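Below is one structure; the comments refer to it alone.
Ligands are counted one by one from 1 in listed order, and the atoms in each one are counted from 1 as well. Count residues from 1 along the sequence. When reading the values below, keep in mind they use all heavy atoms of this one structure, side chains included, and skip hydrogens, waters and symmetry mates. All values reported here derive from a predicted model rather than from experimental measurement.
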Amino acid sequence: MKRYLLSLLAVGALFSCSPGGKSIAQLETKAFDTTLNGKAVSLYTLKNQAGMTAQITNYGARVVSLWVPDKDGKMQDVVWGYPSIAAYLEASDTYAGPVVGRYGNRIAASKFTLDTVEYTVTPNEGPNQLHGGPKGFSNQVWEALQSDSTSVTMSYLSPDGEEGYPGNLTLTVTYTMTGKGLEIDYSATTDAPTVVNPTSHVYFNLHGAANHSINSHVMQLFADRFTPTDAALIPTGEIAPVEGTPMDFRTPTAIGDRVDQTDYEPLKFGGGYDHNYVLNKAAGDPFQLAATVYEPATGIVMNVYTDQPGVQFYGGNAMDGKDDGKYDAKHLYRTGFALETQNYPDAPNHPHFPSSVLRPGETYTQKTLYEFQVKSN
Ligand code: BGC
C-alpha cells in the first residue's frame, strides 16, 4: 500500500489549525495503524482550503471524522464514530461510517435470481441479509492510495462467491474534500453478472460531538414517495406516496416532530425512521439535491446530492448507548442519522425497482456529495 504522508500526520496529528486559525483535534494516525487479516490499516486525512477536514480509515473505507464550521466559525466534528481502530473492532454497531456492500441494505430471505440462477447470500439478520453479510465490505481492509491532501482512493476486490455473490467485483471509492464538502465517487466492474449496491453508511450529528439527539435537526427530503416494508424491513414492493403521512419531509420538518407516531405502521416497523425514499428525478440532471438537514443550535446545514434513485433515511433507532464514541460521548438513542444514497433495498427481488445488475464490460458508478453550509437562523 502506497500513501502520501502529510507532514502533520507524521508527527501524530494532535491539533491542527485550519486557514481561519480554527483548532481541530484530529485523531492520531497511530491509533489506527495496525495489521488486520495480513493487511495494513491506517488513517488518511483530507483537507480543503476552508479547513474542512475528513479522516478516513481503510478498514471498511470508513469515514471516522469530518470537521466543518458552525455559525460561529468553530469547527465541529459532525461524524458519529470511535477514537481508535480497537474501538471500531469492539463496537457493537459495526456500521459506523463505512462503505457497505456488495448489496447495501436488505436482501429478502438471503436469495435472489439472476439470469435464471438462484443465488443464496449469507444471512446476518434472521433469514435476511443486511449490508452484504457478516463479511461485507464494511468489515474488509481496502487498499488505499493517497496522492494529494484533498483525496484518497480506496479499492477492494471482492472475490467470486464472497458472501454468496457471483463474480469477482473490483470496487474503487474516492473520497475528495472539495471546496463544498465531502464527495464520494464509486466505480465497479465485474467478470461475471452480479448485483451491486454500495453506499456510505456515515452517521452524522450536526450538533458536533455526538451526544445530542438528532431529533432537533430540521430535514427536507426531495422525495414524493417511499418503499414501505414488512416488519422485518423488507420492501413489500409497493411504492407509496408520502403525502398525508409522517414520512412526508417535502417541506422542512424537525425529525422528532412525528418520529414517535408508531400508530403509523411504517414507523412502528422501523422503530422510527428507517426507510428508503424514492428520489424525485430532475429531468436531464441525474446528480440532484436529495436532502437538506439543518441544526438550529449550530447553524450547520448539510445538503446531500446524488445520482442514485433512492436514499435510506435511518434515524439511529437501534443506538443504545453501549458504545463510547469519540470525545467520551455515549452513543445514545438517536444520536446519529444516516442518509444512504443507493438503489432501493431488495431491488434484485423486485423487477419493477431500478436494476442493480452489473455485467462484464459495464461499469457501475455512483457520485454523492455531502455539502456543508451555515445559516444563522
Ligand atoms: C438499516 C437499519 C440498520 C442500520 C444499521 C440501516 O441502513 O436500514 O435497519 O439498523 O443500517 O446501522
* Charged N-O contact under 4.0 Å between Arg334 and Asp320 -> no
* To do: Could you list the atoms of ligand 1 found under 4.0 angstrom from a heavy atom of Asp274?
  => 1 (C), 2 (C), 8 (O), 9 (O)
* Structure fact -> Per-atom filter on ligand 1: closer than 4.0 angstrom to a heavy atom of Asn105 are 1 (C), 7 (O), 8 (O)
* Can you sort out which atoms of ligand 1 are near Leu233, meaning under 4.0 Å from one of its heavy atoms? => 9 (O)
* Structure fact -> The closest protein heavy-atom partner of atom 11 (O) of ligand 1 is His201 NE2, 2.8 Å
* To do: Give the residue and atom name of whichever protein heavy atom lies nearest to atom 7 (O) of ligand 1, and the separation in Å to one decimal.
  => Glu340 OE1, 2.7 Å
* Asked: So does Lys74 pair up with Asp72, basic N to acidic O under 4.0 Å?
  -> no
* Taking atom types as modelled, find out whether Tyr82 and Asp323 have a side-chain donor-acceptor pair closer than 3.5 angstrom. => yes
* To do: Under 4.0 Å from a heavy atom of Arg106: give me the atoms of ligand 1 that qualify, with their elements.
  => 1 (C), 2 (C), 8 (O), 9 (O)
What side-chain donor-acceptor pairs closer than 3.5 Å can you find for residues 221-229, not counting sequence neighbours?
from	atom 1	to	atom 2	distance (Å)
Asp224	OD1	Asn280	ND2	3.2
Thr227	OG1	Asn276	O	3.4
Thr227	OG1	Asn276	ND2	3.0

* Proximity winner for atom 12 (O) of ligand 1, if only heavy atoms of Phe313, Tyr95, Tyr314, Tyr203 are counted -> Tyr203
* To do: Identify the residue among Ile56, Thr45, Asn48 that makes a side-chain contact (heavy atoms from CB on, under 4.5 Å) with Met177.
  => Asn48
* Distance only, no hydrogens: is a donor on one side chain within 3.5 Å (strictly under) of an acceptor on the other, for Tyr165 and Gln129? -> yes
* May I ask you to identify, for Val100, whether its side chain, its backbone, both or neither come under 4.0 Å of ligand 1 on a heavy-atom basis? => neither
